[in-house]
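Counting starts at 1 for both ligands and their atoms, following the listed order. Just so you know, these numbers come straight off a predicted model, no measurement behind them.
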Amino acid sequence: MRVIEIRGGKGDARALTPGERPVPEVGRGQVLIRVRAAGINRPDILQRKGLYPPPEGASDILGLEVAGEIEVVGAGVTRWRPGDRVCALLGGGGYADYAAVDARHALPIPDGLDFVQAAALPETAFTVFTNVFEDGRLTEGETLLVHGATSGIGVMAIQSARAAGARVIATSRGADKAQAARDMGADVSINAADGRFLDAVREAGGADVVLDMVGAAYAEQNLQALKPGGRWVVIAFQSGNLVEVDLARLMRGRLTLTGSTLRARDADEKARLAVAVEARFWPWVADGRIRPVVDKVFPLEEAAAAHAHLESGAHTGKVVLSMA
Ligand SMILES: NC(=O)c1ccc[n+]([C@@H]2O[C@H](COP(=O)([O-])OP(=O)(O)OC[C@H]3O[C@@H](n4cnc5c(N)ncnc54)[C@H](OP(=O)(O)O)[C@@H]3O)[C@@H](O)[C@H]2O)c1
């Protein structure tokens, strides 16, 4: 099968090169997916640079999410049949014609979505669900502050929070991106190109939950933007991981600081999340409140160009590889 390999084990986008590998074996409890499209995520860039090694037992091939048809059903799998259209969360191995995945980590492709749109869903849906709604405990009538609002994660956060009846304050760096976040449903959209957003968030009433992918540079403002009882949920630290936190402020405000990574969680935990995501988010996909925003599609062989595009930061929403 065709795959994308990282020449030399790590490097810049140009290290991504087409190669060939055997089709993966299908183990007990797994399905083999004929991959039609694979979503690209920021963690793929980190892995390509050698900064985010795959967890024990995961494929060394990049790719955390795919959509396609089931080709082979492994022993012990009852839910799926050959030919079923699914999208799935992977620990790796998505940039390939075939991927063997835990059958419990596959979800049906909602009606009306093509493979490219479906491949744009799993990683952001699982991540946003568990961080915003489980750990962040966002509920109807509350306010979510989301940074990087036009990222793949940001778009999913805006759409799902709105679907849940929450208000959304979005930040992004640049007027065009701020407009795009507004168009995607953010109630308040802040151009934080100068690194400042606190005054505007306060003017909008503050936040109950912050979904933070920025880290150090925004830490102080995040802390001050939270309402009493607020939750600050860290999913990345793109500007640095070391911060000084005023614990007195945490105590006075009854604030919660938490964070997580999805990929490192074990298979049972991802299976639990798959059930919850299907129950909570899939109806919102079906009724259009969550709709994949695909910025650009690249053929599998052009994975290097696709990475360069994502790294340029010019995108809004998701960048996807197509195996067609
Ligand atoms: N913890 C987890 O389980 C988990 C899972 C998936 C993804 N993530 C993380 O979530 C983030 C988004 O992922 P993605 O795939 O959606 O990525 P993406 O589309 O490439 O977006 C990255 C976003 O980060 C923003 N950003 C980067 N550096 C920044 C800085 N110094 N200050 C402010 N904003 C900054 C960019 O904002 P502008 O557009 O305004 O430039 C951009 O919107 C990544 O950091 C990724 O590693 C975490």
Worksheet item: For atom 4 (C) of ligand 1, what is the nearest protein heavy atom, given as residue, atom name and distance?
Response: Thr127 CG2, 3.8 Å
Worksheet entry | Numbering as shown, the atoms of ligand 1 that approach Ala236 to under 4.0 Å (heavy-atom distance) | 9 (C), 45 (O)
Please list, one pair per line, the donor and acceptor atoms closer than 3.5 Å that link side chains of residues 232-253 to other protein atoms, with sequence neighbours excluded.
| residue | atom | partner | partner atom | Å |
| --- | --- | --- | --- | --- |
| Trp232 | NE1 | Asp212 | OD2 | 3.1 |
| Gln238 | NE2 | Met213 | O | 3.0 |
| Ser239 | OG | Val214 | O | 2.7 |
| Ser239 | OG | Ala216 | N | 3.3 |
| Ser239 | OG | Ala217 | N | 2.8 |
| Asp246 | OD1 | Ala248 | N | 2.9 |
| Asp246 | OD1 | Arg249 | N | 3.4 |

Worksheet entry | ligand 1 contacted by Gly313 (non-hydrogen, < 4.0 Å) | no
Discussion item. If you count heavy atoms of other groups shown closer than 6.0 angstrom to CG of Asp266, is the number above 12?
Written reply: yes
Discussion item. Within the 4.0 Å heavy-atom shell around Thr261, which atoms of ligand 1 are there?
Written reply: 1 (N), 2 (C), 3 (O)
Worksheet item: Where's the contact between Ile153 and ligand 1, heavy-atom distance under 4.0 Å: side chain, backbone, both or neither?
Response: both
Discussion item. Between Leu121 and Met156, is there a side-chain heavy-atom distance shorter than 4.5 Å?
Written reply: yes
Worksheet entry | Enclosure of Asp183 CG (heavy-atom neighbours >12, cutoff 6.0 Å) | yes
Worksheet item: Has Arg42 got its NZ or CZ under 6.0 Å from the middle of the six-membered ring of Tyr52, at an angle within 45 degrees of the ring axis?
Response: no
Practice prompt. Identify, by atom number and element, the atoms of ligand 1 in contact range of Met213, meaning under 4.0 Å from any of its heavy atoms.
Written response: 11 (C), 12 (C), 23 (C), 24 (O)
Worksheet item: So does Arg202 have more than 12 non-hydrogen atoms from other groups sitting under 6.0 Å from CZ?
Response: yes
Discussion item. Could you measure the distance from the CG atom of Asn191 to the CZ atom of Arg173? Nearest 0.5 Å is fine.
Written reply: 10.5 Å
Worksheet item: Does Glu311 come within less than 4.0 Å of ligand 1, judged by its heavy atoms?
Response: no
Discussion item. For atom 40 (O) of ligand 1, what's the nearest protein heavy-atom neighbour? Residue, atom name and distance, please.
Written reply: Arg173 N, 2.8 Å
Practice prompt. Please identify which atoms of ligand 1 are closer than 4.0 Å to at least one heavy atom of His315.
Written response: 18 (P), 19 (O), 20 (O)
Practice prompt. Around atom 3 (O) of ligand 1, find the nearest protein heavy atom and jot down its residue, atom name and distance.
Written response: Leu262 N, 2.8 Å
Worksheet entry | Option with minimal heavy-atom separation from atom 10 (O) of ligand 1, where the choices are Ile235, Asp212, Val234, Leu310 | Ile235
Worksheet item: Can you tell which part of Ser151 has a heavy atom less than 4.0 Å from ligand 1: side chain, backbone, both or neither?
Response: both
Fill in: Min side-chain heavy-atom separation Glu123-Leu262 under 4.5 Å
yes
Worksheet item: By number and element, which atoms of ligand 1 are closer than 4.0 Å to a non-hydrogen atom of Glu123?
Response: 5 (C), 6 (C)
Worksheet entry | Flag side-chain contact, heavy atom, 4.5 Å: Tyr218 against His147 | yes
Worksheet item: Does NZ or CZ of Arg280 lie under 6.0 Å from the centre of the six-membered ring of Phe129, at an angle within 45° of the ring axis?
Response: no
Fill in: Residue-ligand contact Lys177/ligand 1, heavy atom below 4.0 Å
yes
Worksheet, complete the sentence: The closest protein heavy-atom partner of atom 25 (C) of ligand 1 is Gln238 NE2, 3.8 Å
Practice prompt. Pull out every atom of ligand 1 sitting under 4.0 Å from any heavy atom of Gly152, numbered as shown with elements.
Written response: 16 (O), 19 (O)
Item to complete: For Lys177, enumerate each residue passing the salt bridge (Lys or Arg N to Asp or Glu O under 4.0 Å) test, keeping only those at least two apart in sequence or located in another chain.
Response: none
Practice prompt. Say whether Asn131 and Ser260, considering side chains only, have a donor N or O and an acceptor N or O under 3.5 Å apart.
Written response: yes
Worksheet entry | Where ligand 1 meets Pro43 - atom numbers and elements under 4.0 angstrom, heavy-atom basis | 7 (C), 46 (C), 47 (O)
Discussion item. Among all protein heavy atoms in this structure, tell me which lies nearest to atom 17 (O) of ligand 1, with the distance rounded to 0.1 Å.
Written reply: Arg42 CB, 3.3 Å
Discussion item. Only heavy atoms of Ser172, strictly under 4.0 Å: list the atoms of ligand 1 that pass.
Written reply: 40 (O)
Practice prompt. Compute the minimum heavy-atom distance from Ser260 to ligand 1 and say whether it is under 4.0 Å.
Written response: yes
